[in-house]
Amino acid sequence: MAAFTLPAPSFADPASDEQAILDIWSTYTEARVAGDAETWLGLWDEEGIRLPPGAPAVDFATFAPGTPERFAKPPAAMEIVSEEVVVTGDWAFSRGNFTVNNAVEGKFLTIFRRQDDGSWRIYRDAFNFNSE
């Protein structure tokens, strides 16, 4: 019986992959607080899907056009704390907590997909709030 082995991408480095995911969260919060919709949208895979609480899933093509308008009134503060990053080949996930305006708290589970150039982008993003 022959063994089957998947080739590892030449740019696969677990430590740098994890740091790249953490850097995405830094850019995400900076862009959100700055109201920078263009930078924020650049973090997303073109096949990305948001899974917001209490609403249907929405794909990138649907949510991207309205993002600049939604970013017109950005939060004063936002913090994302990734408690876990797991990378496996061209896929990764991050789980953690977030706080908006030092008041609204929630949690997230986000899947990332490696792009052809080796960078990471948000592929699926599920989040909810800790209270109503």
Side-chain angles (χ1 to χ4, degrees):
M1 176 184 246
F4 179 72
T5 304
L6 292 173
S10 60
F11 41 74
D13 172 18
S16 63
D17 286 339
E18 181 175 344
Q19 187 57 55
I21 301 294
L22 295 174
D23 290 346
I24 287 173
W25 290 132
S26 293
T27 302
Y28 186 110
T29 57
E30 291 167 7
R32 192 65 190 96
V33 170
D36 183 352
E38 183 178 340
T39 296
W40 187 83
L41 288 168
L43 301 173
W44 286 84
D45 186 289
E46 289 184 2
E47 296 178 6
I49 296 177
R50 296 186 79 211
L51 301 137
V58 60
D59 64 16
F60 183 83
T62 302
F63 72 74
T67 298
E69 184 178 316
R70 285 190 304 278
F71 274 48
K73 292 184 180 181
M78 182 176 201
E79 181 181 26
I80 296 175
V81 178
S82 179
E83 295 181 356
E84 178 180 24
V85 174
V86 175
V87 178
T88 178
D90 290 340
W91 297 96
F93 73 81
S94 175
R95 176 193 60 82
N97 299 293
F98 64 87
T99 306
V100 179
N101 291 331
N102 300 314
V104 177
E105 297 179 344
K107 53 205 159 289
F108 66 88
L109 177 61
T110 303
I111 300 171
F112 297 84
R113 180 163 69 173
R114 189 187 312 268
Q115 307 298 293
D116 290 340
D117 67 359
S119 66
W120 292 93
R121 296 286 180 264
I122 300 168
Y123 185 68
R124 301 289 186 264
D125 185 36
F127 61 97
N128 59 36
F129 304 103
N130 292 346
S131 61
E132 296 289 324

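These numbers come from the heavy atoms of this one structure, side chains and all, not from hydrogens, waters or symmetry mates.
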message = Quick check on ring-ring contact (aromatic ring centres under 6.0 Å, His included): which of F63, F112, W120, F60 does W44 satisfy it with?
response = F63
task = Spell out, yes or no, whether L51 and L43 are grouped together once hydrophobic residues are joined by side-chain heavy atoms under 4.5 Å, including indirect joins.
result = no
task = Would you kindly confirm whether F108 and I21 end up in one hydrophobic cluster when ILVMFWY residues are joined by side chain heavy atoms under 4.5 Å apart?
result = yes
ask   = Given side chains that start at C-beta, do those of T29 and E79 come closer than 4.5 Å, heavy atoms only?
value = no
ask   = Roughly how far, to the nearest 0.5 Å, is the CG atom of D17 from the CG atom of L22?
value = 11.0 Å
inquiry  = Applying a strict under-4.5 Å side-chain criterion to I, L, V, M, F, W and Y, I'd like to know whether L109 and I49 cluster together.
reply    = no
task = Any chance you could measure E18, atom CD, to D23, atom CG, to the nearest 0.5 Å?
result = 10.5 Å
key: Worked check of side-chain contact (heavy atoms from CB on, under 4.5 Å) between E83 and N97   = CA-CA 8 Å; E83 295 181 356; N97 299 293; 2.5 Å; yes
remark   = Closest non-hydrogen contact found for A76 with N101 is N-OD1, 2.7 Å
task = Please report the shortest heavy-atom distance between P65 and A61, naming the atom on each side.
result = CD-O, 3.2 Å
key: Validation row: D59, E47 side chains within 4.5 angstrom (heavy atoms)   = no
inquiry  = Please check if the number of heavy atoms outside E46 that lie under 6.0 Å from its CD is greater than 12.
reply    = no
request  = Establish whether V81 and V33 are linked, either directly or via other cluster members, by ILVMFWY side-chain heavy-atom contacts under 4.5 Å.
outcome  = no
query = Is it true that atom CD of E38 has more than 12 heavy atoms of other residues, nucleotides or ligands lying nearer than 6.0 Å?
reply = no
message = How close do A72 and P74 get, counting heavy atoms only, and between which atoms?
response = O-CD, 3.3 Å
ask   = Which heavy atom in R32 sits nearest to a heavy atom in F71, and how many Å separate them?
value = CD-CZ, 3.4 Å
Within-4.5 Å side-chain heavy-atom neighbours: F127 and I80 = no
ask   = Under 4.5 Å between side-chain heavy atoms, hopping through other hydrophobics if needed: is there a path connecting F98 to I111?
value = no
query = For the atom pair CD (Q19) and CD1 (I24), what is the distance rounded to the nearest 0.5 Å?
reply = 11.0 Å
note = Smallest heavy-atom separation, N130 atom then G106 atom, equals OD1-CA, 3.6 Å
inquiry  = Less than 3.5 Å apart, any donor N or O on the side chain of S94 or W25 sitting next to an acceptor on the other?
reply    = yes
message = Is there a side-chain contact (heavy atoms from CB on, under 4.5 Å) between F93 and R124? Walk through the geometry before answering.
response = CA-CA 9 Å; F93 73 81; R124 301 289 186 264; over 6 Å; no
task = Measure the CG-OH distance between D36 and Y28 for me, rounded to the nearest 0.5 Å.
result = 13.0 Å
ask   = Per the side-chain hydrogen bond (donor to acceptor under 3.5 Å, both in side chains) rule, which among R121, R114, R113 passes with D45?
value = R113
note = Nearest heavy-atom approach of P53 to F129 is CG-CE1, 3.4 Å
